[in-house]
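Below you'll find the structure, written out as structure tokens, and then a few comments.
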Number of protein chains: 2
Amino acid sequence: MPRLDDVARAAGVSKATASRALSGADGVSPTTREKVQRTAADLGFRASGAARRLATGVTRTIGVLTPSVDRWYFGSVLHGIAHAADRHEHDVLLYDLGAFGRGGHEKFERFMLRGEVDGLVTITWSLVGGDLTRLAELGVPVATVGEPTPHSRSFSLDDDAAGEQAAEHLVRLGHTDLLHLASETEVQPFDASSSDRRKRAFELVSARHGLRMRPVQTVPTTLEAAHAAARGILARADRPTGIVAGTDEVALGVLLAAHQLGVRVPEELSVIGVDDVPAATAFGLTTIRQDPAQHGEDVVAWIISALGEPESEPDRSHTNYAPVLVVRGSTAPPP
Amino acid sequence: MPRLDDVARAAGVSKATASRALSGADGVSPTTREKVQRTAADLGFRASGAARRLATGVTRTIGVLTPSVDRWYFGSVLHGIAHAADRHEHDVLLYDLGAFGRGGHEKFERFMLRGEVDGLVTITWSLVGGDLTRLAELGVPVATVGEPTPHSRSFSLDDDAAGEQAAEHLVRLGHTDLLHLASETEVQPFDASSSDRRKRAFELVSARHGLRMRPVQTVPTTLEAAHAAARGILARADRPTGIVAGTDEVALGVLLAAHQLGVRVPEELSVIGVDDVPAATAFGLTTIRQDPAQHGEDVVAWIISALGEPESEPDRSHTNYAPVLVVRGSTAPPP
DNA sequence: ACTTGCAATGGAACCGGTTCCGGTTCCGCA
DNA sequence: TGCGGAACCGGAACCGGTTCCATTGCAAGT
């Protein structure tokens, strides 16, 4: 493995000049630079990342903290992050907190504060507020995607609007008896969680249009749990004419239960979700679309730009993505 | 940020001793070690990863090359990898080739050969054989999960057995007219792909039991595509009495199509898949289970052990995980 | 012709650990 | 008491880049 020194010697210049020539710094004549670059290429030179980061303190790596990686939303965000990171020539270091089990905090200590990354994105409630501010004080740009936080720059779907659009869609179709099946968030986040926001929005719409007031039900975010809950709801004689699900996964569970109980969708029951997961297309599920991969792209873009201007005012603004209604076959006027 | 030097001075020893005391190397008296460790803790010392890897050449990082991260199989493997890596105190560097778009090779060059990782796991057809051998020559332990390869240590489901079990299950129930709906792999892998193996196993079983020979159909691995194909198949009068799907995702598409066409499962049609995705439970899909997270755990364990004994014979063996049949409600004797 | 000024370059320090190598200290044993 | 050897420790080199600072060379300005 050739070292910078070898390149320099072969090109007849000093290490200093070779370094400048290769890193693109100025203060090198075009001819010298060209010569150094060619020699480096010929020798198959590849700068040692370790040496560079020791010297500069820059890792060209961004860390991602995620509650888990095998769920659609998280996976999609991660995909967007990887894509953007690649474009900006950064590596991504993955911390799957779900994989850490108990003691995520300790890991946070051990790994994150070691200066291995120069930017960090946390997906939803991966970290508590204290950690976030601590990190920010450390000078590492931190951003959150999936839920608004007061402690860091954040990116997420406008959950209020999403909840409202979902409910309003059914109201416009003529429904007056709706039920909201919220999907549970595992951990209490800083602010009102996505789930809570969607729920509140639903209640607002309910009140505004004088709908029948049914208590909101909450289920874990799994097809299984949603399915079980939906069976209970749909089996009753006074079931609602429409269900606003907090998530597509929950909505799919409802669809499944409806099918098994012989409740026809959308003739007898309307169902709407939030997310627009791939399966939603095949199932003809009407839903509120969000694009997590885009969130991932944007959060990286922000981090890169924040890296470019250190010492600036901490940016704690929040980007609210507009939800878009996608009408498919699972919603119709009530019977 | 305190440096090792600070710790050494505070503890009244040399850098060398401090280093030994903290890294657990021997040649340090218990009392000295204890003193150094305490001062380090008091000062909040945290060794610089960059400096350590420059000095030792060890990164304590393993790289993961995956075709994409937002599919169940890949996500689950990644989860297992993250879990195991954490237990072994290693970081994981993620390369989402799907995010790289064209030019994955170039990225491979730029990133992988830079010595940023001391072990690499590739998920299925992330890399071509040439790259794998090149990597292995570099002295980095490389392992593949998801498909057997002749060029590296590999871990995967025993696809032959999986395909056989699926078909045999239906044969045992009395079916004689089956169709195999294979799920397509995007790229030509080294050896016969999982898809091909499952298909071959199906054909073997067909021949053995003298089943009606229907040409195998292949669809992209998406619910959408499987759904469309299944509609075509099930609409015909001479539809088979059972469908062996290459994947749960495909099987789910079949289930959906059957439902829409009014074909009752399992009374009129049996469906079996492979994977046992979470949704399979709710849908009552009979399937062949595999546990990708376990594959991820194992591949990391192997890499760690390979790291422990350099210069040993290259291990290119293959671990075949035994598939397990999970019977749910989507299979029954033919009408 | 003689500064003045700037671009190009090289020498050497530095980033923060690890480790080789040689020097003490201290013990057991003759 | 003297000696060998092991355990413990410190000095210094080293990993491979980046960057500060001083030096050189050359063109422009007066």
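In what follows, every heavy atom counts, from backbone to side chain, and hydrogens, waters and symmetry copies are set aside. Here is the naming used below: chain letters follow the sequence lines, and residue numbers restart at 1 for every chain.
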Report yes or no: do [X] and [Y] form a side-chain donor-acceptor pair below 3.5 Å?
X	Y	result
A:Thr124	A:Glu147	no
B:Ser48	B:Arg3	no
A:Ser156	A:His318	yes
A:Thr59	A:Asp118	yes

Ring pair (Phe, Tyr, Trp, His ring centres under 6.0 Å) against B:Tyr321, all qualifying residues, sequence neighbours excluded: B:His295
Nearest-nucleotide 5' precedence on DNA chain D, A:Ala18 against B:Thr56: B:Thr56
N/O donor-acceptor pair under 3.5 Å between B:Arg153 side chain and B:Ser317 backbone: yes
Any donor-acceptor N/O pair, B:Thr39 side chain to B:Lys35 backbone, under 3.5 Å: yes
Close approaches to DNA chain C from residues 19-34 of chain B, in residue order (heavy atom, under 4.0 Å): B:Ser19, B:Arg20
Start and end of chain A contact along DNA chain C [non-hydrogen atoms, under 4.0 Å]: C:dA8 to C:dG16
Sugar-phosphate only, base, or nothing, as touched by B:Ala47 at under 4.0 Å among non-hydrogen atoms: sugar-phosphate
Nearest non-hydrogen partners of A:Val28 and A:Ala21, listed with the distance: CG2-N, 4.0 Å
